[in-house]
Amino acid sequence: MHRLFVGLRPPPAIRELLIDTMGGVPGARWQSDEQLHLTLRFVGELDRRTAEDAAHALASIHAAPIELRIDGVGRFDSRGRTNALWAGVRPHDAVTALHKKVDQALVRAGLVPERRAYLPHVTLARMGGGAGAADRWLADHAGLASQPFTLGHFMLFESHLGHGGASYEAVERYPLAG
């Protein structure tokens with residue numbers, strides 16, 4: 001089985017900006033440089049044949065390169081407890097349109113459509129039950145911003161779960177050429 005997702009990888013200077021924000025929340029599991037990405041669609045666990053069909057379907061996507069910028073930070077909560085910290089990206093239009101194209105391509109390959117609302121972001125930390133409060137970190141980094149950057153491709157990644165968290169392997173790269 002292959003645990004897959006489709007994402008965008010920010011350039012090194014942007015990843016460095018994000019890494020510089022990491023720290024100050026006890027118990028947070030901060031992402032490594034190799035883990036920083038913007039998910040377009042979580043695919044899930046697929047057998048080899050279905051994974052190949054999905055990869056082939058993604059190759060049919062036509063979209064222009066995307067210009068984004070980092071814009072603020074936020075958190076995801078579950079039952080009143082923060083479970084992730086993230087950096088936002090703007091504008092949403094182009095990346096949301098690409099998300100929809102990815103979802104439609106995967107549906108054509110036989111996968112079920114994405115049901116969750118889509119919020120473009122880069123996860124910075126995962127928070128377990130013993131993690132400290134993140135309010136101060138959120139206030140300190142509320143103004144996080146970058147210069148615009150252009151992403152000229154999206155990627156299919158395989159996620160390998162291990163003791164130290166997930167590691168991601170790029171499986172395929174798809175150009176954004178319009």
Side-chain angles (χ1 to χ4, degrees), residues 3-25 27-44 58 61 63-106 113-128 131-159 161 165-168 170 174 176:
R3 188 171 191 263
L4 303 174
F5 68 91
V6 181
L8 297 164
R9 184 108 160 100
I14 299 303
R15 296 193 315 266
E16 187 175 314
L17 171 74
L18 298 173
I19 289 168
D20 287 346
T21 70
M22 296 179 183
V25 180
R29 294 183 317 275
W30 299 99
Q31 301 289 87
S32 68
D33 179 72
E34 294 77 26
Q35 294 171 312
L36 292 174
H37 68 278
L38 189 155
T39 301
L40 289 168
R41 167 85 151 63
F42 180 72
V43 178
L58 292 169
I61 293 173
I66 295 175
E67 184 175 271
L68 297 173
R69 68 183 186 286
I70 299 296
D71 185 31
V73 296
R75 68 172 140 207
F76 290 126
D77 295 328
S78 177
R79 297 186 190 127
R81 184 183 63 78
T82 299
N83 57 22
L85 299 174
W86 48 263
V89 296
R90 295 262 188 250
H92 286 184
D93 295 348
V95 72
T96 298
L98 181 57
H99 158 76
K100 288 178 183 174
K101 287 182 178 191
V102 166
D103 190 52
Q104 291 166 351
L106 293 172
E114 176 69 64
R115 298 280 183 228
R116 295 177 293 179
Y118 182 67
L119 174 66
H121 68 279
V122 178
T123 299
L124 301 179
R126 308 242 182 236
M127 309 281 282
D135 294 339
R136 176 65 186 222
W137 183 89
L138 289 163
D140 288 348
H141 299 288
L144 181 66
S146 75
Q147 293 295 316
F149 56 94
T150 301
L151 299 172
H153 64 275
F154 68 97
M155 300 172 80
L156 177 63
F157 290 93
E158 184 165 2
S159 174
L161 301 177
S167 63
Y168 306 137
Y174 304 95
L176 294 171

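By the 4.5 Å heavy-atom criterion applied to side chains, Leu8 and Leu98 are counted as neighbours. Counting heavy atoms from C-beta on, the side chains of Pro65 and His153 never come closer than 4.5 Å. The shortest side-chain heavy-atom distance between Val73 and Leu85 does not fall under the 4.5 Å cut-off. Between Met155 and His37 there is no side-chain heavy-atom pair separated by less than 4.5 Å.
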Evaluate side chain to side chain contact (heavy atoms under 4.5 Å, CB included) for Arg9 paired with Arg15, printing each intermediate quantity in order.
CA-CA 9 Å; Arg9 184 108 160 100; Arg15 296 193 315 266; 3.0 Å; yes
Derivation and outcome, side chain to side chain contact (heavy atoms under 4.5 Å, CB included), residues Phe149 and Ile70
CA-CA 9 Å; Phe149 56 94; Ile70 299 296; 4.2 Å; yes
Apply side chain to side chain contact (heavy atoms under 4.5 Å, CB included) to His92 and Leu119, showing your working.
CA-CA 8 Å; His92 286 184; Leu119 174 66; 3.8 Å; yes
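Remark: Ile61 CD1 to Leu106 CG distance equals 7.0 Å, nearest 0.5 Å. Between the CG atom of Asn83 and the CG atom of Asp77 there is a distance of 7.0 Å, given to the nearest 0.5 Å. If you take OG1 on Thr39 and CZ on Phe154, they are separated by 13.5 Å, rounding to the nearest 0.5 Å. Atom CD in Glu114 sits 11.0 Å away from atom CG in Leu40 (nearest 0.5 Å). Atom OG of Ser32 sits about 8.0 Å away from atom CE of Met22, to the nearest 0.5 Å. Atom CG of Leu151 and atom CG of Leu176 lie 8.0 Å apart (nearest 0.5 Å).
The nearest pair of heavy atoms linking Pro10 to Val122 is CG-CG2, 4.5 Å. Closest heavy-atom contact between Leu36 and Gln31: CD2-CB, 3.9 Å. Closest non-hydrogen pair, Leu18 versus Ala87, comes out as CD2-CB, 3.6 Å. Shortest non-hydrogen contact noted between Leu156 and Leu58 is CD1-CD1, 4.0 Å. The two residues Leu161 and Ala166 come nearest to each other via the heavy atoms CD2-CB, 3.8 Å. When all heavy atoms of Arg29 and Met127 are compared, the pair lying nearest together is NH1-C, 4.2 Å.
At least one donor-acceptor pair closer than 3.5 Å links the side chain of Trp137 to the backbone N or O of Thr21. No side-chain donor-acceptor contact under 3.5 Å links Glu67 to the backbone of Pro148.
Using a cutoff of 4.0 Å between basic side-chain nitrogens and carboxylate oxygens, Asp103 and Arg115 are not scored as salt-bridged.
Using the six-membered ring where Trp is involved, Tyr168 and Phe5 have ring planes that are perpendicular, over 60° apart on the 30 and 60° scheme.
Counting non-hydrogen atoms of neighbouring residues, nucleotides and ligands closer than 6.0 angstrom, the CZ atom of Arg81 exceeds 12 such neighbours.
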